[in-house]
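Start at 1 with the first residue, then count along the sequence.
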Amino acid sequence: MSSLAAFKNPAGYHLLSYGTLLGSTLFQSFIGGIVAFRVLPRPQFSTLQKHTFPVYFTLQTITPLLMFLTYPSPSGFRALLPTQKSQTSTDRLAFTLIATMLVTGIVNWVYVGPQTTEVMKLRKHQETRDGKKSYDAGPHSEEMKKLNHRFGVLHGVSSAVNLVGFLGMLWYGVLLGEGVVL
């Protein structure tokens with residue numbers, strides 16, 4: 001295939017979308033976020049995350065959608081649709097994994113991320129009322145305890161959702177590596 005003709009092949013865009021998704025998730029979850037938490041003062045870290053996560057969650061939503069649209073099959077993304085009588089077990093698994101990646105991105109982007117940002121804002125206001133940071137040693141006001149608990153739950157849910165998506169990405173990478181998808 002000539003080099004220019006390759007740009008018409010959706011498989012290349014599929015692979016680039018997958019690589020972008022896996023690489024950005026791996027970096028944000030296991031490198032960038034951890035390093036930033038360790039080296040930045042808490043207020044700067046919070047500001048960084050507040051601005052990074054919406055972009056990150058958007059990317060985690062758009063790239064699986066692109067993967068779906070560029071699925072490398074003679075019938076394109078239609079091979080992924082559960083309504084197809086000719087759908088193979090590989091197509092079903094690919095659909096499940098891509099759908100998992102997409103749903104986890106949407107959940108974090110549309111619900112968990114904004115809820116976490118809202119709790120961070122409420123904690124900031126409560127810090128002003130209490131004259132004490134949310135992360136300072138206790139005791140804390142009842143309002144701050146509730147906000148800290150809610151933040152912890154949301155952070156845990158976001159991490160769990162992100163992990164499910166990441167495991168789906170890894171499994172999909174195995175399919176790509178086996179050559180059953182491309």
List for me each residue that meets salt bridge (Lys or Arg N to Asp or Glu O under 4.0 Å) alongside E118, sequence neighbours excluded, and say none if there are none.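 In terms of salt bridge (Lys or Arg N to Asp or Glu O under 4.0 Å), with neighbours along the sequence ignored, E118 is linked to K121.
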
Holding to salt bridge (Lys or Arg N to Asp or Glu O under 4.0 Å), I want the full list of residues that pass it with K124, two or more places apart in sequence or in another chain. E127

Option from P114, S159, P54, S158 for which side-chain contact (heavy atoms from CB on, under 4.5 Å) with N108 holds: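 Only match with N108 under side-chain contact (heavy atoms from CB on, under 4.5 Å): S158.
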
Distance (rounded to the nearest 0.5 Å) between [X] [atom1] and [Y] [atom2]:
X    : Y    : atom1 : atom2 : value
Q49  : T117 : CD    : OG1   : 10.5 Å
L69  : I62  : CG    : CD1   : 11.5 Å
T116 : R150 : OG1   : CZ    : 8.5 Å
S134 : N148 : OG    : CG    : 5.0 Å
Q60  : T20  : CD    : OG1   : 12.5 Å
L154 : M120 : CG    : CE    : 11.5 Å

What are the two closest non-hydrogen atoms of [X] and [Y], and how far apart are they?
X    : Y    : answer
A36  : L48  : CB-CD2, 3.8 Å
L59  : L21  : O-CD1, 4.5 Å
V119 : L147 : CG1-O, 3.5 Å
S141 : D130 : OG-OD2, 2.7 Å

I'd like to know if the side chain of [X] reaches the main chain of [Y], judged simply by a donor and an acceptor atom lying under 3.5 Å from each other, with no hydrogens or angles considered.
X    : Y    : value
Y71  : A94  : no
N9   : A11  : yes
K132 : A137 : yes

Check whether [X] and [Y] end up in the same hydrophobic cluster, where Ile, Leu, Val, Met, Phe, Trp and Tyr are linked by side-chain heavy atoms less than 4.5 Å apart.
X    : Y    : answer
V164 : M101 : no
V107 : V153 : yes
F166 : M67  : yes
F68  : L175 : yes
I106 : L66  : no

In chain order, what residues pass the side-chain hydrogen bond (donor to acceptor under 3.5 Å, both in side chains) check against E142, with sequence neighbours excluded?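 Listed in chain order: K145.
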
For S46, check side-chain hydrogen bond (donor to acceptor under 3.5 Å, both in side chains) against everything at least two apart and list the hits. none

When the side chains of residues 167-174 are checked against the rest of the protein, which donor-acceptor pairs come out under 3.5 Å, sequence neighbours left out?
unit_1, atom_1, unit_2, atom_2, d
Y172, OH, H14, NE2, 2.5

More than 12 foreign heavy atoms under 6.0 Å from CZ of F151: is that the case here?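 Enclosed.
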
Is the number of heavy atoms from other residues, nucleotides or ligands under 6.0 Å of Y135 OH greater than 12? yes

Do W109 and T58 have side-chain N/O donor and acceptor atoms under 3.5 Å apart? yes

Please determine, by modelled atom types, if R123 and Q126 share a side-chain donor-acceptor pair under 3.5 angstrom. no

Pairs of donor and acceptor atoms involving the side chains of residues 26-35, under 3.5 Å and at least two apart or interchain, shall be tabulated with distances.
unit_1, atom_1, unit_2, atom_2, d
S29, OG, T25, O, 2.9
S29, OG, Y56, OH, 3.3
S29, OG, N162, ND2, 2.7

